[in-house]
Every structure is written in C-alpha cells, then in structure tokens.
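Remember, it's 1-based here, ligands and their atoms both numbered in the order they're listed. These numbers come from the heavy atoms of this one structure, side chains and all, not from hydrogens, waters or symmetry mates.
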Amino acid sequence: METSPTSDAGAGAPFAHRHLLGTETLSRGDIEQILDLADGYVDQNRQTDKKNGLLRGRTLINLFFENSTRTRTSFELAGKRLGGDVINMSVSTSSIKKGETLIDTAVTLNAMHPDVLVVRHGDSGAVQLLAEKVNCAVINAGDGSHEHPTQALLDALTIRRRKGRIEGLNVAICGDVSHSRVARSNIHLLNTMGARVRVVAPPTLLPAHIDRLGVDVHHNLAEGLVDCDIVMMLRLQTERMAGSFVPSMREYFYFHGLDYDKLRAAKPDALIMHPGPMNRGVEIDSEVADDIDRSAIHEQVEMGVAVRMACLELLARDQNAPWTRNQS
Ligand code: NCD
C-alpha cells in the first residue's frame, strides 16, 4: 500500500532553491520547511511500509568521489522510499579512473536525464562547479572541507526533536574544525536558527579568522563546554591533513577527547553528537559515545534518511517550475 505524504508542513509550498549546495544560503524559513517535512518522514520510516510514490519515474544518481558509508546509503534509502530509481556510481569502477574529468562525467550523466545528482567530492567548490553544468537538481553530499548541508540539517532535526527548539541553545562544536565541512555547515545553520555557537579546538585545528563566522573560540575542552546544551564532536580528519597537526593520538585524546570528566562542565542534560565515522579513543571515549541516555549518535543516522527524503521531495517537486531556473 502506498502512503501519501505524511506531513502537512511544507506540503505543496515551493522550495526557494534549485540546488542544495550549502547551508550558508538557506534562510530560516527554508530550514524550517525542510525540518517540518522531515518530521513526517521520521514517522513514515518507522512504519512497516516505508514507501510512498512521490519520486516515481524520477532518477537519482549518487556520484561519490570520496568514500562514504552513512551518507551514500542514506541517500539511496531516501530515494527508494520515495519510489524513485537510484543509481550508485562507484568512482573506482567508472571512467574517472580512465582520466575523465569531473565536468565530462557530470555532462555525460546529465545526458541520461537524471532528476537529482547527489555529489561528494574531495575539492571544495567542485559540487557548485558541477551544478552549473547540468540541468537537474544537485545536492552537495560534502565538498572538501567546505559544506555538507544535509549533515547540518539532520543535526538540526535531531536537536529540535530532543530539545524542542534550536534558538537560544549553547552549542559547542569540538575538534578538527579546520578540515570539517560538517562544522562549517553547522555553524551557518545554527547561527541562522539563533543558537549560540562556540568552537573548541587546539589552535592548529582552527582555520584563521574563524571568529568571523560568528562563533566564540575556546582552546580548552572543559572550559569550552561550560553551560553547553549540545556537544558536537568532530572526527580528526587525518586524510585531509598535509603534515602533522597534533603531537600524537594519545595526547590528543588526553587534552581534547570527550570523556565523562570533561563532560561534567556541560549542562547535566547536554546532548552528545558526532557525525560519524567515530575514532573511538581519539576524539571521543567509547563509554560516552555509547551512553544511551546522553548520546544521540544513532538518532542522527536515523534523522539523516528523513532529512534527505525531505530535501529530495522539495528539490524534485518544483523541477519544472520556470521560476526556479538559475537559482542556487
Ligand atoms: C562526515 C563527512 O564525510 O564529512 N561524515 C559524514 O558524512 N557522516 C564527517 C567525517 O567524515 O568525519
């Protein structure tokens, strides 16, 4: 049996963007529209029959130039639960290995008339470039250390459902901020939604002028967590590091890893989050990560599918509307 859209919120209302490339360009209204629609999909995904037919006849291509477990699977499930056809392009078996450029690959795929391209790429700005060359909607599933909008949206949905609001919450984003697209997308989104954001990291893992993004800066984890509602830990992204940014993993954990001792500074009901994949014993202690009363890490994964369904629905829905042309 097919179910109809499960949420009234955002139902039918046009979405103001043709692509989803980052959170920097999303308004509060855009974000609320996605989250309200996603709330309905959380319920749908908990039913035995998880499918509707909103994307029937539409094609989604997942084009991942970097490895991924949860994001790629999550987009695949999201597309299938909306009744669309989903193709996963694996870069290791594609013509990219034969030297085809990003743009040639995109233009080739575009000629097959996909409706949505979901793209992850190691270079900041690559997804935006690709979006300018194709006719379909493009979702950025992570470009270098620039943006990862659906991660920030799923984090926002997790926070809103657990805390009932985002506005006015103290959110600490901790760890390897320098290399993190998750941090950037979260900073933009949380600021737009009226949260108070701080980043907590050693100076070597903070980009220059980070304070210009509207965040407070701390270098000591216990100090940075004082009075926090949300503790968002980031993976130490060694694959993006040219050279050494931390003395050793052991020392990093000792000073900057989240354990119960440092967590005491946060509010007693502070929620612990991590985008995954986790480096246990590096940025987060296993016991804290697995604490079912405090950690929302598995819930974040669940919210990911719902948020991506909402994004796909909104972008696919208005695809033929002339007013959406040439907007990002
Ligand atoms: C993040 C990413 O790829 O940017 N992971 C994810 O999408 N869940 C964060 C990370 O890799 O550390």
Do His179 and Arg235 have side-chain atoms, one donor and one acceptor, less than 3.5 Å apart?
no
Nearest non-hydrogen contact to atom 2 (C) of ligand 1 from the set Met233, Arg181, Arg235, Glu147 belongs to Arg181
For Thr158 and Asp155, test the side chains for any donor-to-acceptor distance below 3.5 angstrom and give the result as yes or no.
no
What atoms in ligand 1 come closer than 4.0 Å to a heavy atom of Arg120?
2 (C), 3 (O), 7 (O)
With no hydrogens and no angle check, just 3.5 Å: does a side-chain donor-acceptor pair link Gln47 and Asp43?
no
Tell me, do Thr150 and Cys311 make a side-chain contact under 4.5 Å, heavy atoms counted?
yes
Cationic N near anionic O, under 4.0 Å, Asp104 to Lys133
no
Does any donor atom in the side chain of Glu283 or His274 lie under 3.5 Å from an acceptor atom in the other side chain?
yes
Atoms of ligand 1 less than 4.0 Å from Pro275 heavy atoms?
8 (N)
Closest to atom 5 (N) of ligand 1 among protein heavy atoms sits Gly276 O, 2.9 Å
As an exercise, identify every atom of ligand 1 less than 4.0 angstrom from a heavy atom of Gln151.
6 (C), 7 (O), 8 (N)
Please name the residue in the list Leu60, Leu130, Ile139 that meets the side chain to side chain contact (heavy atoms under 4.5 Å, CB included) test with Leu117.
Leu130
Does ligand 1 have an atom that lies less than 4.0 angstrom from a heavy atom of Gly142?
no
Please identify which atoms of ligand 1 are closer than 4.0 Å to at least one heavy atom of His148.
2 (C), 4 (O), 6 (C), 7 (O)
Enumerated ligand 1 atoms positioned under 4.0 Å from heavy atoms of Val182
1 (C), 4 (O), 9 (C)
Any atoms of ligand 1 less than 4.0 Å from a non-hydrogen atom of Arg70? List them with their elements.
8 (N)
